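Encoded as structure tokens, the structure appears first; notes follow it.
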Amino acid sequence: TTTVSKVDGKTISLTKTADAADANNNDGVILNLADSVDSTDDTVNVKLNSVGTATSANGGYDTLGVSSYETVNITANKSAAGAAANEIINLTVGATTSSINIDGTGNFSTTLGTGAKVTSVDASGLAGALVLTASAANATYKMGGASSTLTMGTTLSSKDTIVGGAGVADTVTATVT
């Protein structure tokens, strides 16, 4: 686990990681970002440069912790060679995180941590696909530019708003009881 502090007003650029030399390909980097002074209107900017998927060797991130920020901006870009994958297995947000904005030329895949209070996930500026497992209830979700997948589990309610993206095969799944 690595913590980078005092990232207020800066853009943190992340690239591919090296996986541990074992049979488990999803034991990547755990990175926590922290601001220098926690206020009620903190924003963090993270740029992913074709970091790959966490289930392949040398790629993706296990966890990105951004719990002290109210707004999280993620840019998920393709590589120069056209590789589009950008996966963070767990995006750990705080109780005061309200907005996650995703854009860029690549794809983005993540799971929001349990108990997230996020009210807006906007990937309408993402050219690629959004693959999101969401635990936040009463939120607005906007899909990406390519066919995207939103998995709600048991949190889907009549207070959620889901806006399809430009993809021709957006998918939403939920457990309804």
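Quantities reported herein were computed from a predicted structural model and do not represent experimental measurements.
For the pair V121/L112, a side-chain contact is recorded, criterion being any heavy-atom separation below 4.5 Å from C-beta on. Between L132 and F108 the shortest side-chain heavy-atom distance does not fall below 4.5 Å. Annotation: side chain of N90 is in contact with side chain of D62 (closest heavy-atom distance under 4.5 Å).
Remark: T151 pairs with T133, T149, T173 by the side chain to side chain contact (heavy atoms under 4.5 Å, CB included) rule, at least two apart or across chains. Qualifying side chain to side chain donor-acceptor pair (under 3.5 Å) partners for T96, counting only residues two or more places apart in sequence or in other chains: E70. For A85, the side chain to side chain contact (heavy atoms under 4.5 Å, CB included) partners two or more places apart in sequence, or in a different chain, are T53. Checked against side chain to side chain contact (heavy atoms under 4.5 Å, CB included), S67 has no partners two or more places apart in sequence or in another chain. A search for side chain to side chain donor-acceptor pair (under 3.5 Å) contacts involving S39 returns D42, not counting sequence neighbours. Not a single side chain to side chain donor-acceptor pair (under 3.5 Å) links T119 to another residue, sequence neighbours left out.
Put simply, CG on L48 and OG on S13 are 9.0 Å apart, with the number rounded to the nearest 0.5 Å. Going from atom CD1 of I74 over to atom CG of L64 covers 6.5 Å, rounded to the nearest 0.5 Å. Here the CG atom belonging to N86 is positioned 6.0 Å from the OG atom belonging to S50, to the nearest 0.5 angstrom. If you take CE on M143 and CG on D122, they are separated by 12.0 Å, rounding to the nearest 0.5 Å.
In this structure, V66 is a member of the same hydrophobic cluster as V7, with clusters built from ILVMFWY side-chain heavy atoms closer than 4.5 Å. Linking ILVMFWY side-chain heavy atoms closer than 4.5 Å, directly or via other members, places I88 and V46 in a single hydrophobic cluster. Linking ILVMFWY side-chain heavy atoms closer than 4.5 Å, directly or via other members, places L14 and V131 in two distinct hydrophobic clusters.
For residues 71-81, the pairs satisfying side chain to side chain donor-acceptor pair (under 3.5 Å) are N45-N73, N73-N101, T75-D103, N77-T105, with sequence neighbours left out.
A donor-acceptor pair under 3.5 Å is formed between the side chain of S148 and the backbone N or O of A146. A distance-only check finds no donor-acceptor pair linking the side chain of T140 to the backbone of S120 [under 3.5 Å].
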Enumerate donor-acceptor pairs with a distance under 3.5 Å from any side-chain N or O in residues 28-38 to protein atoms, sequence neighbours excluded.
unit_1, atom_1, unit_2, atom_2, d
D35, OD1, S68, OG, 3.4
S36, OG, D8, OD1, 3.4
S36, OG, D8, OD2, 3.3

Listing, residues 158-169 side-chain donor-acceptor contacts under 3.5 Å, not counting sequence neighbours, or none:
unit_1, atom_1, unit_2, atom_2, d
D160, OD1, N138, N, 2.9
D160, OD1, A139, N, 2.8
D160, OD2, S157, N, 2.8

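The two residues N107 and A129 come nearest to each other via the heavy atoms OD1-N, 2.8 Å.
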